[in-house]
Protein chains: 2
Amino acid sequence: MLASVNEWTSVRGQAQDNRQSGSATLQEVARAAGVSLATASRAFNGSATRTVRPDLRERVLAAATALNYTPNANAQAMARGTTNLVGLVVHDIADPFFSAIAAGVMRAADEHGLIVTMGSTQRDPAREVEYVAALRQQRARVLILAGSRFADGETSERLGVEVAAFQAAGGQVAAISQQKLPVNTVVVGNRSGAAGLATTLHGLGYRSFAVLAGPPELLTARDRLAGFRAGLAKVGAELPAGRVVAGEFTRDGGYAAMSELLHRGTDATCVFAVNDVMAVGAMAALRDHGVRLPEEMAVAGFDDIVTLRDVTPALTTVRVPLEDLGVWALRLAVQPPADKPRTQRIRGEVVIRESTPDRSS
Amino acid sequence: MLASVNEWTSVRGQAQDNRQSGSATLQEVARAAGVSLATASRAFNGSATRTVRPDLRERVLAAATALNYTPNANAQAMARGTTNLVGLVVHDIADPFFSAIAAGVMRAADEHGLIVTMGSTQRDPAREVEYVAALRQQRARVLILAGSRFADGETSERLGVEVAAFQAAGGQVAAISQQKLPVNTVVVGNRSGAAGLATTLHGLGYRSFAVLAGPPELLTARDRLAGFRAGLAKVGAELPAGRVVAGEFTRDGGYAAMSELLHRGTDATCVFAVNDVMAVGAMAALRDHGVRLPEEMAVAGFDDIVTLRDVTPALTTVRVPLEDLGVWALRLAVQPPADKPRTQRIRGEVVIRESTPDRSS
DNA sequence: TCCAGATCGGAAAACGCTTTCCAATCACGG
DNA sequence: CCGTGATTGGAAAGCGTTTTCCGATCTGGA
């Protein structure tokens, strides 16, 4: 007798603890509507093969509203075996480059009724791996890797392993601007854009260039440098040794790299920073060193970050439709999985502004 | 006989369909380690009261690694009755104001082992409500509302209802810079910051002001305007009628508002835009209209957006530690729920730069 | 050597939902 | 009026965990 009471109370106790108190369950809705659990479920999901009588459906919906019922997404995920979660991994959400991409991903996700979760790795490859692992644990349906590193062997391999595990668990993957992983990829025309920029600048009369390159292990940075070189080569110009300074892919990195270049002393008349954020840092450095802009030194960037459209002098750059990058990445990812990873190529467009005035005349 | 075969195959079929193929289950790990399901679970969660023998624990962990096992977060959520999801709702993730806050939230969430999901409402109050509903459905543990609208009655009320439902379901809530909802709030010293800016500008010798205000229904914008007015009043100055122009809370809104002001004609010598992004738009408008900066018109903003630190002339503004706002919001939210909503006050700091040179001499 | 007490493993229930399978109900033509 | 087929409601299994309760095994003391 006592035992039985004990059992009862303890079971009750557990039930209460576990319950998200206040959230009605489908079972309760069904009871309120006077139908079975199955019918209530069908009233919501309205399968094509099995219909529920209109009046019953009405009753269920009304009961749901009355009880302020919302389906428990976790329970649905369990029963259905799939979620509607999109995981987006970026280097730094406060960097306008990534927040623009994020905006695109979220817009596209919205169209598909998906929810976006984000992780900001602060450019730490280890955290990138961690985050992918967390998303696998969440059984996210889609993983989007933005700005993945072209890192040293070990971490890069661990990322590959995690991504493979994610896919093995049934997840879809897309990456932006990488080439290592065998996944759907949106590739930015970094080489062609930078090459186009180089020839255009040459056409404007510039002959002596320097480049503020990003970290050597960052693929995007490498490609832009290589493209710029190739573009110069095409018009018979070149980038002498000592004219390339590596730096962080940030505003401060650009500032530091430009300072370094000035410190070394240079006769370049035009400097190409491999992204806009670095270019802005470079402009600040030039100003701080009393170099007149753009008369004594012209500056060009890459990306055409919207937030930076109003710097003075207005920055010559290569416009990349960043938000579209995000949109395309999600679209690639949600397509029915193919045998081979797909690729979507997006080209940049050279935009000449005041920071590189015409010198040809 | 046939029926039984049918049953078997269909059950099998369902099992296969529902399974996230490739993801090992705890059951499988347990079997591989030669222990029971319960023991395997305990090996991972290591409750204080119930321990598992070290050698068994080792076996389980090894089996898990071998099978590449990850716990299913959805199943855990069901069993535990709670998730580790944080929902963050912002107006526009591409706006540096919000991406800075997001960075802060993510940093703090990371410390607590929480995962952040984000929704960008594009300043549409209806989508804000939708997003909160989605988070309730996910049974998110924490909801953070950044830049909530001080909207018209109806939508605002619907938001209130949704938020209440979220709380009723056991969720914790924090908001940034709002006063309507009875939830934990991080309040920014908008009034005091703007007032400080006004008196400082007055001290620099400015006497004739204009304000590019945000949308009237946005609480933050109203407070900054009111604070600026109050600051002027304190030093015996005022803001005549016709010197306040409303506009969107964006770069283009600032551009439009400034254009409008110039179009009307004004003898103001200093214009205060209620945020930095608008201020930058205003500077662009001034430039396009041939007004010299800062000689003919001084400009001040609010927020001290990092990405905009390098505009020229450098922008006078009120520095708000945006990332800290996010950190504090999360901290408030994860504190054990109190009977009364808590408030964390964060003050801004006036930063004078070149856009408002000293006129007093 | 044996027993009390402590320790630890395992069966089973519970979380909230979806979906299958079967049975009951209904309309209808012969 | 009855049998047939189409339609729809409901019971139950299953998704992958956590946690309780009970029973089995071990330790050490007399």
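Labels below follow one simple rule: chain letters A, B, ... track the order of the sequence lines, proteins then strands, and each chain is numbered from 1.
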In chain order, what residues pass the side chain to side chain contact (heavy atoms under 4.5 Å, CB included) check against [X], with sequence neighbours excluded?
X      : value
B:A33  : B:V35, B:R59, B:V60, B:A63
B:T117 : A:I115, A:T117, B:L85, B:Y131, B:L135
B:A108 : B:V327, B:L330
A:E130 : none

Considering residues at least two apart in sequence or located in another chain, which fulfil the salt bridge (Lys or Arg N to Asp or Glu O under 4.0 Å) criterion with [X]?
X      : result
A:D92  : none
B:R158 : none
A:R31  : none

(Q) I need the CZ-P distance between A:R80 and C:dC15, as an integer number of Å. (A) 20 Å
Q | Rounded interatomic separation in angstrom, taking CZ from A:R31 and C1' from C:dG16 | A | 13 Å
Distances for protein N or O near nucleotides 25-27 of chain D N or O, under 3.5 Å:
none

Protein N or O to nucleotides 6-10 of chain D N or O, pairs below 3.5 Å:
unit_1, atom_1, unit_2, atom_2, d
D:dT8, OP2, A:T51, OG1, 2.8
D:dG9, N7, A:R50, NH2, 2.7
D:dG9, O6, A:R50, NH2, 2.8
D:dG10, OP2, A:S36, N, 2.9
D:dG10, OP2, A:S36, OG, 3.4
D:dG10, OP2, A:T39, OG1, 3.4
D:dG10, N7, A:R42, NH2, 2.9
D:dG10, O6, A:R42, NH1, 3.4
D:dG10, O6, A:R42, NH2, 3.1

Q. Between B:N72 and D:dT17, does any side-chain N or O lie under 4.0 Å from OP1 or OP2?
A. no
Q. Under 4.0 Å between a side-chain N/O of B:S41 and OP1 or OP2 of D:dT18, yes or no?
A. yes
Q) Partners of A:S36 by side-chain hydrogen bond (donor to acceptor under 3.5 Å, both in side chains), sequence neighbours excluded? A) A:T39
Q: Any side-chain hydrogen bond (donor to acceptor under 3.5 Å, both in side chains) involving residues 327-336 of chain A? Give me the pairs, sequence neighbours left out, ordered by first then second residue.
A: A:Q335-A:R342
Q: Without swapping roles, check the side chain of A:N74 against the backbone of B:M78 for a donor-acceptor pair under 3.5 Å.
A: no
**Q.** Nearest-neighbour nucleotide for the A:L26 side chain, C:dC17, D:dT18, C:dG16 considered
**A.** C:dC17
Q.
For the helix from C:dT1-D:dA30 to C:dG30-D:dC1, what angle separates the axis at the start from the axis at the finish, each from five pairs, in steps of 10°?
A. 50°
